[in-house]
Every structure is written in C-alpha cells, then in structure tokens.
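Below is one structure, written out as structure tokens; the observations come after it.
Chain naming here is simple, since letters A, B, ... match the order of the sequence lines and numbering starts at 1 in each.
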There are 2 protein chains.
Amino acid sequence: MLLKDLAKVAGVSLSTVSRALHGDPRISEPTRQRIQAIADREHFVLSKSASALASRKSFRITALFVDHFNTWFTSTSLEGLYSVIETSDYDLFPLALHTPEELDRYFRSLSKNNNTDGIIISSIHLSKKHTEQLAASHIPVVGLDSYGTQGYDAAIILNNERSMTIAAQTIKRLGHTTIGFVHYPQPGLFRDYSYSERIPQFESICKAQGYTSQSFEHFTSEDGRADKAGVESIITRWESSQVQPSVLFVETDDFAITLLSALREHGFRVPEDVSVVGFDDNPVSQLIGLATFRQNALENAHYAAHTMLDLLQTSSAKHCAGSYHAANAPDDELFHEDETAFIQRRTLAKAKGAAKAKGVTKAKTRNKH
Amino acid sequence: MLLKDLAKVAGVSLSTVSRALHGDPRISEPTRQRIQAIADREHFVLSKSASALASRKSFRITALFVDHFNTWFTSTSLEGLYSVIETSDYDLFPLALHTPEELDRYFRSLSKNNNTDGIIISSIHLSKKHTEQLAASHIPVVGLDSYGTQGYDAAIILNNERSMTIAAQTIKRLGHTTIGFVHYPQPGLFRDYSYSERIPQFESICKAQGYTSQSFEHFTSEDGRADKAGVESIITRWESSQVQPSVLFVETDDFAITLLSALREHGFRVPEDVSVVGFDDNPVSQLIGLATFRQNALENAHYAAHTMLDLLQTSSAKHCAGSYHAANAPDDELFHEDETAFIQRRTLAKAKGAAKAKGVTKAKTRNKH
DNA sequence: CTGAAAGCGCTTACAG
DNA sequence: CTGAAAGCGCTTACAG
C-alpha cells in the first residue's frame with residue numbers, strides 16, 4: 001500500500017494525503033480525520049527513504065560513542081536518548097567509532113553527508129579540526145558528558161572541577177597523605193575523552209591543598225585492558241609501588257568495581273588496607289558500597305535528546321543552521337552543567353593513624369589468605 | 001558533492017560511478033580504482049535515502065526489544081548485534097516496544113512497511129497472529145533468546161529445559177525441600193517473554209523429582225517493579241510465607257542481585273538463612289558470588305547478526321523470501337541452541353539440617369541487626 | 001482548501 | 001565495458 005493507493009481510496013490527490021498525514025493546517029479537519037482513519041485501517045506506513053529523500057532530511061539522529069554499548073554509561077545514555085527520541089519523527093541511530101582514524105574519517109565526510117540530521121556526541125574531546133568540520137557541516141551537534149563546549153551547539157558537561165575539589169577535600173580530611181590515580185583504559189585507542197580531564201584536575205586541586213608530587217602515583221593498566229587482567233596489572237604495580245597510596249581514586253565505577261573485587265580476592269581489606277573511590281554511582285556501586293560521585297546519566301541523556309529535538313525544530317526549514325552555533329552563543333542556556341554529588345560509602349575510610357599522627361603512615365599491612 | 005559531481009570529475013557517467021562504488025564486476029579494475037580514489041579524496045558518501053529508495057531496500061536491520069537498553073541482557077545483545085552489523089552495509093536500528101498493543105501495531109504494519117530489511121526479535125513469545133504477519137511480510141526474522149522457533153527464519157534458543165533440570169537436581173541434592181520462584185517483572189506489560197518459560201519448566205521438573213505443590217511458592221513483585229521497591233515486596237511476602245522456601249530461584253541475575261542485596265540489608269544471611277540462585281551470569285554475579293546459569297549473550301547476538309546477514313544475502317534480489325521460512329525448514333541448522341552452564345557460587349548452599357534429617361527443616365532463623 | 005508536476009539522489013534494467 | 005533513461009515513493013513549491 002502506497003500513498004497513491006490511499007489517495008485513490010480516499011478519493012483525493014496524493015498531495016492531500018501527504019498533507020493530511022503530516023497535519024498540514026491547510027487540510028480541513030474533517031478531511032484530515034477521514035484520511036487518517038483510512039490510513040489507520042490499512043496500517044499504512046510512509047516509506048522513510050522516500051520521505052527523507054523528498055524532504056531532504058534523513059530523519060536520523062546519530063548517537064556517537066567511542067565505547068561499547070554494554071557499559072553502564074553508554075547503555076544508560078542510549079536508554080535515555082532513545083526514550084525521548086522515540087516520541088519524535090526521528091530514528092535513533094547508534095554509532096560506535098573505535099579509533100581516532102575512524103573518528104577523523106567520520107568528521108571529514110560529514111559536510112557531504114546527508115545521512116544524519118543531528119549528532120549527539122558522547123564523552124570525547126573534539127579537536128580544533130573536528131570543531132571546524134562540525135561547523136562546516138551545519139548539522140546540529142549536542143554533547144553528552146562533553147569535554148568543553150567548543151564545537152557543540154549544546155552540551156551537558158559534568159562539573160568535574162567541583163567534584164574533584166570535594167574529592168580532594170574529603171581525602172585530605174580523612175588523613176590520606178598518599179593518593180593513587182587509576183586511569184580507566186578507554187577502549188578504542190582514544191586519548192582525550194572526558195574522563196581524562198578529571199585526574200589532572202584532581203591532581204592540581206590536591207596540590208593547591210598542600211599535597212606534593214611525591215604524594216601521587218598514576219596507575220594505568222599495562223595492556224590498556226579494562227577487564228580483570230587490567231586491574232591485576234594495576235594491583236601488581238600498586239604492591240611494588242614506592243608511594244603505595246592509601247587511597248585509590250578510579251576514573252569510573254566500572255573499573256573501580258573490578259579493581260575492588262580483585263583487591264579483595266588478593267586478600268587486601270578495603271578500606272582497612274586501602275580505600276577505593278569511583279566515579280558515576282552506577283547501580284552496582286550502591287550494592288557493593290563503593291564510595292563514588294553520582295552523575296545523572298539518564299537525565300542528562302534526556303536533556304541532550306530534548307535539546308537536539310529543539311535544535312532540529314529551530315533549524316528545520318532547510319538545515320540553514322549556523323545561527324545557533326556554539327561559537328555565536330558561548331554561554332547559552334543550552335550548555336547545561338551537571339553537578340555530581342559525592343557519595344560516601346564504606347570503601348573510603350580514614351587513613352591509618354590519621355587520628356593520632358595526621359599523615360605519614362602508609363597502608364602497608366596486608367592479609368593474604 | 002553528489003554522484004553526478006563525482007561522475008563529472010571522473011569523466012564517466014553516473015551509472016559507472018555507482019557501479020564502481022558497489023564493486024560491480026562489469027567495471028574494469030583500473031576504472032574502479034580511479035573512481036574509488038576520487039571518491040575517497042572528496043570524502044564522498046552516498047545518500048542512504050536515495051540508495052534505499054532506488055534499490056527498494058532500506059539498509060536497516062531492526063533490533064526489537066521489549067525492555068530497556070540499560071539492562072545487562074539488552075545492552076549486551078545490542079553490543080553483539082552492532083559489532084557484527086557495523087561491518088556490513090546495513091544500519092542497526094534499535095526498537096523498544098513497551099506494550100502488547102504497540103507490538104501488535106508494529107506487526108500489523110510490517111507487510112506494508114518497507115522500512116526494514118530484517119528484524120531481530122529478542123526474548124518475546126510470538127502469537128499465532130504475529131507469526132502469520134511476519135510470514136506475510138516476507139521480511140527475514142531472527143530470534144534471539146526466543147521462545148520457540150515458530151515464526152522465525154532462524155533463532156537462538158536457550159536450552160531452558162536442560163538448565164532447569166540441572167537446577168532441580170542441584171537443589172534437591174543440597175537437601176532443599178521448599179523452593180521459591182521469583183518472577184522477574186518484565187517491563188512493558190508483556191506476559192509471554194522467554195524468561196517466563198523457565199519457571200513452569202522448573203516446577204514440572206521438580207515435581208518429576210518428587211517435590212509436591214506444597215513445596216513451591218511463587219513470588220512476584222507487587223507493583224510489577226523490577227527495582228528495590230519490587231524486591232522489598234517480595235521479601236515481605238517471603239517472610240510471612242507459610243512455606244518460607246529455603247532457596248529462591250530468580251528468573252534473572254539483574255533481579256537476583258537486587259534481591260540479594262536487600263535480603264542482606266534486612267539482616268538475612270545468604271546462604272545460611274536462604275539460598276539465592278539467578279540466571280544469566282552477568283559480570284556483577286561473578287563479583288558478588290551469585291550462583292547462576294551462564295548464557296552466552298554476546299556470542300548469541302553475534303550469531304544472530306551473522307545469520308541475519310546471511311539471510312539477507314540469500315534473499316537479496318527482491319525480498320522474495322518465503323523460501324527459507326521457518327515453516328519450511330523447522331529443524332534447520334539455523335536454529336541454534338545455547339546450552340547454559342550452571343555456575344555454583346556461594347549464595348547457594350546446603351539446606352539446614354540436610355545432612356542429618358534430609359529435609360523438613362525450614363529456614364526460619366533470622367538475624368536482624 | 002486542493003491538485004498537477006517537478007524533483008529529491010540514487011539504482012538498474014535496457015541498449016549499445 | 002559504458003551510458004541514457006526510467007523510476008523508486010514520497011514532499012513541496014506553484015498554481016488555482
């Protein structure tokens with residue numbers, strides 16, 4: 001059943017059916033209802049390809065990730081984006097890019113590419129070049145967990161600085177004098193993702209609070225693996241470390257949970273032997289008592305999707321975007337800051353001897369079983 | 001940049017460029033390479049809408065779920081499907097339907113609907129009507145975690161009967177005389193999803209092993225919620241239960257994990273006061289020591305996606321499907337059975353007094369803190 | 001308020 | 001091996 005068949009049944013022209021189905025106000029209400037009733041009865045569905053081609057839109061919103069879909073953040077974001085976008089005329093099209101080269105190629109092809117009406121980009125750092133390519137494409141771009149506002153028409157940005165300030169203060173108050181930073185090995189060979197901003201920020205805030213370089217140690221998994229083998233290599237390094245930090249600050253809960261579990265398997269008591277702090281407050285963290293920072297991933301995704309739909313409405317006519325571009329309105333209301341909340345749980349405790357000596361003691365005890 | 005512009009630059013016709021880009025063997029290799037080089041240099045991308053409309057395909061594969069994307073099974077399946085489909089010419093479109101009415105409407109519109117080339121359906125039970133509608137649509141349909149083979153051109157089916165046999169045997173061997181079945185409240189008001197098959201199977205196998213109806217109790221969350229409030233209502237019922245089963249068999253790990261955590265918060269010791277067994281072996285289960293059954297969700301999704309791409313290749317020409325339809329080849333190699341593995345972990349232990357009295361004792365002790 | 005017609009950017013018989 | 005032309009199923013100025 002095609003539009004023309006519907007037109008025949010309804011005894012009107014093809015144009016009228018198309019207009020009625022789209023709620024064009026030029027079609028009288030009785031006519032509209034009559035046509036809609038026939039369409040419903042026949043279970044008629046417009047061809048997306050044909051509609052898209054004729055209207056010079058794609059009716060697709062791309063959700064760009066540089067991660068796997070079965071991680072907490074990505075699956076939660078996808079769920080949030082989908083639940084909003086499914087209510088619109090657009091389809092959500094998830095896209096995963098695995099290497100910086102793939103990302104470059106994607107951005108380079110954008111301006112010639114009529115295959116997406118909007119892009120929601122998650123968690124990556126856009127280069128100067130990417131920013132230019134996005135601007136040239138005139139495609140609305142919304143950032144989710146973005147690293148800065150540059151290149152976005154709208155963005156949800158975590159207030160990492162505030163979080164890191166709270167983290168540094170809390171850790172100091174608990175008497176920790178040595179701190180380990182555990183980097184989450186982002187899959188896909190990306191280096192400048194949004195998480196990576198947190199650790200340098202945290203370090204500089206700690207320094208402002210009187211910690212010295214000797215108090216810090218960075219831990220990255222040997223082979224860039226985010227799984228059990230990855231945390232094993234980190235534990236090995238931590239054990240043989242000079243500093244042997246009494247608290248480990250991990251970039252994401254996913255990785256902190258794996259690390260926590262492995263530490264316990266190795267016979268370390270958490271937090272007696274070492275404290276662990278994560279970031280995200282994913283549901284598992286709550287179950288296992290991981291101290292962490294809560295980000296509102298689901299609501300942030302809702303916000304991103306709604307903002308995208310708004311931009312698409314604004315720029316509707318002929319994708320004559322540019323007018324609402326980030327460069328023109330840098331501190332627009334479209335840039336939303338998510339203030340994460342610190343969640344103190346049992347994996348974070350006072351440093352040993354903190355009560356009496358205030359510092360110096362290192363957590364070196366250890367119970368192998 | 002459009003196909004015609006490329007043709008101008010290359011000094012050939014539009015047809016030749018189109019053929020070259022698709023690797024049509026009629027185009028000479030040197031010509032093909034020359035055209036491809038120009039296309040690469042210009043970062044040319046075909047319009048999917050136009051290609052789709054002209055070729056009467058949609059280049060979309062729909063992944064149909066009746067769940068949220070941020071659950072273990074769905075996000076893992078999506079990851080598995082995507083990683084295979086991204087290597088093809090097709091795009092993966094996730095689709096979530098929330099009510100049986102939405103599902104009906106979707107199936108009804110299928111035959112008139114040229115908006116998808118293939119459908120991968122996850123975890124739901126197809127009615128007779130759905131089966132007919134799918135057959136009439138001539139769209140290849142692959143089942144993932146399917147409830148039966150009916151209506152599918154290919155399917156991955158969990159060997160639930162085998163799993164339930166192992167579960168029943170294990171529970172009996174451990175001396176449990178009372179068993180609770182905890183139903184996972186599937187979101188979206190669906191009643192016949194694949195999980196729901198397991199509990200009746202389990203019950204009938206238990207009966208075959210000598211358990212009576214008085215040994216069983218079914219638990220469903222009061223409000224159909226799968227969250228903490230849901231498990232709270234189940235714990236309340238379990239506490240006031242006549243049977244008060246000494247082992248709770250939960251349909252999915254997601255729900256078992258939430259239940260386990262809540263039981264412990266209430267001061268119940270697991271497994272001393274009550275054993276808990278889940279299903280799925282999701283990564284969290286391993287971390288927290290939940291006894292469960294392992295299903296290979298990621299590999300099953302890979303298999304489903306590959307099978308779909310094969311079907312699409314076979315039926316390529318003009319969607320003249322039907323030749324490979326389930327009805328015609330019921331025990332085809334396209335029906336793949338995943339044998340789940342039982343994973344014994346610490347949440348499942350011997351029933352109290354099982355060693356001496358062999359049964360009868362009920363787990364009624366309880367430590368409130 | 002409605003219709004006839006051009007056109008969206010490709011693919012693919014058909015002809016050579 | 002290559003090209004001219006029809007056509008995929010819609011949308012949307014344009015005309016009335």
| Rounded to the Å, how far apart are B:N114 CG and D:dC8 C1'? | 10 Å
| Do the charged groups of B:R105 and B:E102 touch, with an N to O distance under 4.0 Å? | no
| remark: Correct closest heavy-atom pair for B:S58 and B:D117 would be N-OD1, 2.9 Å
| query | Taking a pair as Watson-Crick or G-U wobble with both distances under 3.5 Å, which nucleotide is matched to D:dA4? | reply | none
| message | With a 3.5 Å cut-off and heavy atoms only, can you find an N or O donor on one side and an acceptor on the other between the side chain of A:S15 and the base of C:dA4? | response | yes
| field | Selected nucleotide, minimal atom distance to B:L14 side chain, candidates C:dC10, D:dG9, C:dC14 | value | C:dC10
| request: Round to the nearest Å and state the distance from B:L2 atom CG to C:dC8 atom C1'. | output: 10 Å
| OP1 or OP2 of D:dT11 under 4.0 Å from side-chain N/O of A:S51 | yes
| message | I want to verify a distance call: between D:dC8, D:dA4, D:dG9, whose nearest atom is closest to the A:A50 side chain? | response | D:dG9
| message | Let me spell it out: for each of B:L3 and A:S28, pick the nucleotide of DNA chain C with the closest heavy atom. Which residue's pick is nearer the 5' end? | response | A:S28
| request: May I ask you to evaluate whether A:S47 reaches the phosphate of D:dC10, defined as a side-chain N or O under 4.0 Å from OP1 or OP2? | output: no
| message | Just the rounded figure in Å: distance from C1' of C:dT11 to CG of B:D89. | response | 14 Å
| request: Please work out if A:F59 contacts a base, only the sugar-phosphate, or nothing of the nucleic acid, heavy-atom cut-off 4.0 Å. | output: nothing
| task | Give a yes/no on whether any side-chain N or O of B:S13 is located under 4.0 angstrom from OP1 or OP2 of D:dA4. | result | no
| field | Matching residue for A:D91 among A:R60, A:K57, A:K48 - test: salt bridge (Lys or Arg N to Asp or Glu O under 4.0 Å) | value | A:K48
| query | Base, sugar-phosphate, or nothing: which does B:T31 touch, judged by heavy atoms less than 4.0 Å apart? | reply | sugar-phosphate
| task | Return the orientation label for the A:Y82 and B:F69 ring planes: parallel under 30°, perpendicular over 60°, tilted otherwise. | result | perpendicular
| field | d(CE, B:M1; P, C:dG9) in whole Å | value | 13 Å
| request: Please confirm whether any donor atom in the side chain of A:R56 sits under 3.5 Å from an acceptor in the base of C:dG7, or the reverse. | output: no
| query | What's the CD1-C1' distance between B:I35 and D:dC1, to the nearest Å? | reply | 12 Å
| request: For the residue pair A:Y90 and A:F59, categorise the inter-ring angle as parallel (less than 30°), tilted (30 to 60°) or perpendicular (more than 60°). | output: tilted
| request: Write down the distance between NZ (A:K8) and C1' (D:dG9), rounded to a whole number of angstrom. | output: 14 Å
| Spacing between A:K4 atom NZ and D:dG7 atom P, to the nearest angstrom | 11 Å
| query | Can you check the B:R34 CZ to D:dC1 P distance for me, whole Å? | reply | 15 Å
| Between C:dG3, C:dA13, C:dC10, which one does the side chain of B:L46 approach most closely? | C:dC10
| Rounded C1' spacing from D:dG16 to D:dT12 in Å | 16 Å
| Of A:I27 and B:R26, the one whose closest DNA chain C nucleotide lies more 5' | A:I27
| field | Any A:S18 side-chain N or O less than 4.0 Å from OP1/OP2 of D:dT11 | value | yes
| query | Got A:F44 and A:V9 here, is their nearest side-chain heavy-atom distance under 4.5 Å? | reply | no
